[in-house]
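A short worksheet on the structure shown next.
Throughout, protein chains are lettered first and strands after them, A, B, ... in sequence-line order, and every chain is numbered starting at 1.
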Amino acid sequence: MKPEGFPRYCRIRRRPEFLRVQGRGTRVHTRHFLVFATRRRSQANSGDGTRGDELAPTRIGVTVTRKVGNAVRRNRIKRLVREAFRRRRSDFPPGWDMVWIAKRGATEVVFSDVLSGMHVVSRKLGDRRR
RNA sequence: CGAGGAGGAAAAGGUGAUCGCGGCGUCGCUUGCACGGCGUCGAGGAAAGUCCGGGCUCCACAGGGCAGGGUGCUGGCGCAGGCCAGUCGGGGUGACUCGAAGGAAAGUGCCACAGAGAACAGACCGCCUGUGUUCGCACAGGUAAGGGUGAAACGGUGUGGUAAGAGCGCACCGGGGACCUGGCGACAGGGACCGCAUGGUAAACCCCAUCUGGAGCAAGGCCGAGUAGGGAUAGAUCCAACCUUCGGGGAGGAUCAGGGGCUGCCCGUCCCGUCCCGGGUAGAGCUGCGUAGAAGAAUGAUCAUCACCUGGGGGAGGCAACGAACUCAGGGACAGAACCCGGCUUACGACCUCUCUCGGCCG
RNA sequence: UGGGGCGUCGGCAAGUGGUAAGCCAUCGGUUUUUGGUACCGACAUUCGUAGGUUCGAUCCCUACCGCCCCAG
C-alpha cells in the first residue's frame with residue numbers, strides 16, 4: 001500500500017459510527033475544529049484472518065454542516081482535512097476513530113493550520129495511549 | 001481618455017515537478033472482496049434558485065360539461081409563463097431599457113379622513129330676484145361663475161350674454177365619433193357630425209378568450225436474511241416381472257423414514273424440528289444510471305515558473321492629450337454535477353470580439 | 001424531491017388597504033432618607049430587501065434574502 005495513500009477503509013462512512021465516536025469519544029478543541037476520538041472495537045476487523053493480530057488502521061471522518069458555508073467552502077474544508085490526515089497518518093497511533101467537526105469560522109482555514117491541528121491531536125492521542 | 005448601452009465567445013489563467021482521489025478496462029492472482037502496477041476518463045455558465053416545460057416511470061381514464069388552477073397588447077415560431085419582430089405606455093441627454101399592457105354602458109363590492117356633496121349628483125359659504133323686517137336678518141325661488149375640501153367634484157381657458165349665471169352662443173384646447181386611408185394585426189393618420197352623454201379600482205369578486213388528469217428516480221423494477229403467517233410431515237431412493245405407439249407406464253421387492261406432550265399402545269390432536277409457499281422488512285443491496293458520476297458523496301495539496309489585471313514609481317516615444325521597457329506592492333470573481341434535457345430568474349472579478357451613445361482633453 | 005409557514009422597537013408580539021396597539025426591557029421624572037413597588041412621560045426616518053398595482057401598501061402582486069416546519 002502507498003505510504004501516503006488514503007484508501008476507503010481509513011474513512012468513517014456510516015452514520016452509526018459517527019454517532020458512536022461523537023457520543024463517547026474524548027474531545028480535543030483546535031482553533032477551527034472540534035475533534036472526537038475513540039478506540040475502535042476489536043471485533044470490527046477480526047473477520048480478516050490474515051491480519052488479525054495487527055491493530056486496525058486509524059480512521060477519520062469529517063463533518064461540515066451547512067452553517068459553515070456554501071457547498072464550495074464545505075468541500076474545500078473537507079479536502080484540506082483529508083489531505084492533512086493523509087500526510088500525517090504515520091504520526092497517529094493505530095486503532096482510533098476520529099471525527100473532525102468544522103466550527104463556524106473554519107472558512108478561513110489554510111493548509112498549515114490543519115497540519116498544526118493534526119500535530120496537536122496526534123500528540124494527545126499518543127499521550128493517552130501510554 | 002473616461003463613463004455607459006446592446007449582441008456574441010470564453011471563463012478552477014497556462015506549464016512543469018512531487019504526493020494523492022473517484023469510475024472503467026487490464027495484469028499480478030485465484031472466481032469475488034481487498035491491495036498493487038499500467039492505461040484511460042473525471043464540474044458549470046450559471047452545476048445555484050427550483051419559476052415553467054418535455055423525456056422517463058407508476059397510478060387513473062368511454063365521451064362531453066362544470067368546478068378548480070395557469071396564462072392574458074399584436075403577428076410568427078415553440079413542448080414551455082420562452083424567443084424574435086412590432087404597437088402603445090413609463091424611464092433615460094442618448095445608445096437603449098422596463099411593462100400581469102383583455103374587459104369598468106354584464107353585474108356586485110369598495111373609495112378612509114376632509115368636504116355641502118364621492119356616483120340615477122348635489123348646494124355649506126356665496127351671487128341674483130321677490131316678500132317680510134325688530135335693519136341683525138329670515139323665508140321662497142333662480143343659479144353653479146367664485147371660495148373651501150380632497151387623490152378624484154360630471155370638460156378647460158377666454159369672450160359674448162344675463163337679474164345673477166350656465167355649452168346658453170362663439171373661438172381655441174380636450175373628448176366622443178359614422179366614415180376614409182395605411183397595415184395580416186395591435187394600431188397610426190385624417191375626419192362629416194355631436195355642446196359634451198356614463199370618475200377610479202379587475203396585482204377586489206367577476207366576465208371574456210385560451211390552455212390544463214395526478215404523482216414523482218426516495219418514481220419504478222429485481223434479489224432478499226430474520227420474524228410473524230399459511231401448508232406438508234409420509235413418502236423418498238434403488239432394483240424390477242410385464243405392457244408399449246419405444247416417449248413411457250409399471251405388479252412386486254430392498255433401504256431409510258426426527259423428537260416430545262395428552263396416554264401404556266393405535267387413531268386423533270398440539271408443540272419443537274425438517275421441508276415447501278407467496279407477500280414483504282432490514283440489507284444506504286442490485287438496477288433505473290448516462291463517453292464525469294456517487295451514496296460520508298471523487299476532480300485536491302504543496303512548490304517553481306510564465307502570462308494577465310489594479311495602484312505607486314519610472315520615463316522610451318509623441319506637437320500635445322497620452323504613455324512602452326523596467327521596478328515595488330497587491331489581486332484572480334460567482335460558485336461544486338446527483339435521473340436527463342430545453343427555457344427563465346438570480347450571483348459574478350478580469351479579459352476578447354462586433355457595434356452604438358454621451359462627456360472630457362489635445363492637435 | 002414535493003409541500004407549507006414566518007420575518008413588525010433590544011426581547012415577546014397585535015394589526016391584513018386609511019398612516020403601527022400592548023407587555024417586558026431601557027431612559028427621564030414624581031412619591032421615598034435610599035433602593036424596590038406604584039404612577040406619569042419618552043422610545044419604530046423605511047414593518048427582511050428591491051420593484052410594481054393603488055389617491056394611499058405592514059397588508060395586494062412579483063422577484064430576491066434569511067429562518068423554521070412537514071412528507072417519503
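Close to B/A298, at under 4.0 Å from its OP1 or OP2, lies a side-chain N or O of A/R82.
Summarising the base pairing, C/A50 is matched to C/U62 through a Watson-Crick or G-U wobble pair whose two defining distances lie under 3.5 Å. The pairing partner recorded for B/G283 is B/C223, the criterion being a Watson-Crick or G-U wobble arrangement whose two distances lie under 3.5 angstrom. Here B/U87 sits opposite B/A101 as a Watson-Crick or G-U wobble pair (both hydrogen-bonding atom distances under 3.5 Å). The nucleotide B/G290 finds no pairing partner, because no Watson-Crick or G-U wobble arrangement with both distances shorter than 3.5 Å includes it. Under the Watson-Crick or G-U wobble criterion, with both distances below 3.5 Å, B/G13 is paired with B/C306.
Closest approach of A/F111 and A/A84 over heavy atoms only: CE1-N, 3.8 Å. Heavy-atom minimum distance, A/M98 versus A/V121: SD-CG1, 3.9 Å.
Each of A/K78 and A/V72 lies near RNA chain B, and the nucleotide nearest A/K78 is the one positioned closer to the 5' end. Checking A/L80 against A/T63, the closest nucleotide of RNA chain B that is more toward the 5' end is the one next to A/T63.
Here B/G300 presents its C1' atom at 10 Å from CZ of A/F111, a figure rounded to the nearest Å. The interatomic distance linking A/I60 (CD1) with B/A297 (P) rounds to 12 Å, in whole Å. Atom CG in A/N70 sits about 20 Å away from atom P in B/U346, given to the nearest Å. Atom CZ of A/R86 is separated from atom P of B/A298 by 15 Å (rounded to the nearest Å). Separating the CZ atom of A/F85 from the P atom of B/G296 is a distance of 18 Å, rounded to the nearest angstrom. Rounding to whole angstrom units, CZ of residue A/R74 and P of B/U299 are separated by 15 Å. Separating the CD atom of A/E83 from the P atom of B/U18 is a distance of 16 Å, rounded to the nearest angstrom. Rounded to an integer number of Å, the gap from A/D113 CG to B/U302 P is 11 Å.
Closest to the side chain of A/R79, out of B/U299, B/A335, B/A301, is B/U299. Taking only side-chain atoms of A/R87, from C-beta outward, the nucleotide of B/G336, B/C19, B/G296 with the closest atom is B/C19. Considering only the side chain of A/N75, B/A298 comes nearest among B/A335, B/G300, B/A298.
Straight-line distance between the P atoms of B/G189 and B/C206: roughly 37 Å, to the nearest whole Å. Using C1' as the reference atom, B/A325 and B/G313 are 14 Å apart when rounded to the nearest Å. C/C47 and C/A38 are spaced 34 Å apart, taking the C1' atom of each and rounding to whole Å. Comparing the P positions of B/A225 and B/G288 gives a spacing of 23 Å, expressed to the nearest Å. Here, B/G285 and B/A294 have their P atoms 13 Å apart, quoted to the whole Å. Nucleotides B/C194 and B/A171 have their P atoms positioned 12 Å apart, rounded to a whole Å. Only the P atoms considered, B/G250 is 15 Å distant from B/A241, to the nearest whole Å. For the C1' atoms, the distance linking B/A144 with B/G122 amounts to 10 Å, nearest Å.
Taking A/H29 as the reference, A/K103 meet the side-chain hydrogen bond (donor to acceptor under 3.5 Å, both in side chains) condition, with sequence neighbours excluded. A search for side chain to side chain contact (heavy atoms under 4.5 Å, CB included) contacts involving A/R31 returns nothing, not counting sequence neighbours. Applying the ring pair (Phe, Tyr, Trp, His ring centres under 6.0 Å) criterion to A/F92, with sequence neighbours excluded, gives A/F85. Applying the side chain to side chain contact (heavy atoms under 4.5 Å, CB included) test to A/T65 and every residue at least two apart in sequence or in another chain returns A/T63, A/K67, A/V68.
Side-chain atoms of A/S122 never come within 3.5 Å of backbone atoms of A/R88 as a donor-acceptor pair (strictly under, hydrogens ignored).
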What's touching nucleotides 329-333 of chain B from the protein side, N or O pairs under 3.5 Å?
none

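With its glycosidic angle within 90° of 0, B/G45 is assigned syn.
The shortest side-chain heavy-atom distance between A/M118 and A/I60 falls under the 4.5 Å cut-off. In this structure the side chain of A/T38 never reaches within 4.5 angstrom of the side chain of A/F36, judged on heavy atoms.
Within residues 26-34 of chain A, no residue has any heavy atom closer than 4.0 Å to RNA chain B.
Looking at heavy-atom distances under 4.0 Å, A/R76 makes contact with sugar-phosphate atoms alone, never a base.
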Report task. Take A/R73 and A/R76, measure what side-chain contact (heavy atoms from CB on, under 4.5 Å) needs, and give me the verdict at the end. Result -> CA-CA 5 Å; A/R73 297 172 201 275; A/R76 176 168 177 79; 5.7 Å; no
Query raised in the report: Could you go step by step and tell me if A/E83 and A/R87 meet the salt bridge (Lys or Arg N to Asp or Glu O under 4.0 Å) rule?
Result: CA-CA 6 Å; A/E83 177 74 9; A/R87 295 272 181 181; 3.5 Å; yes
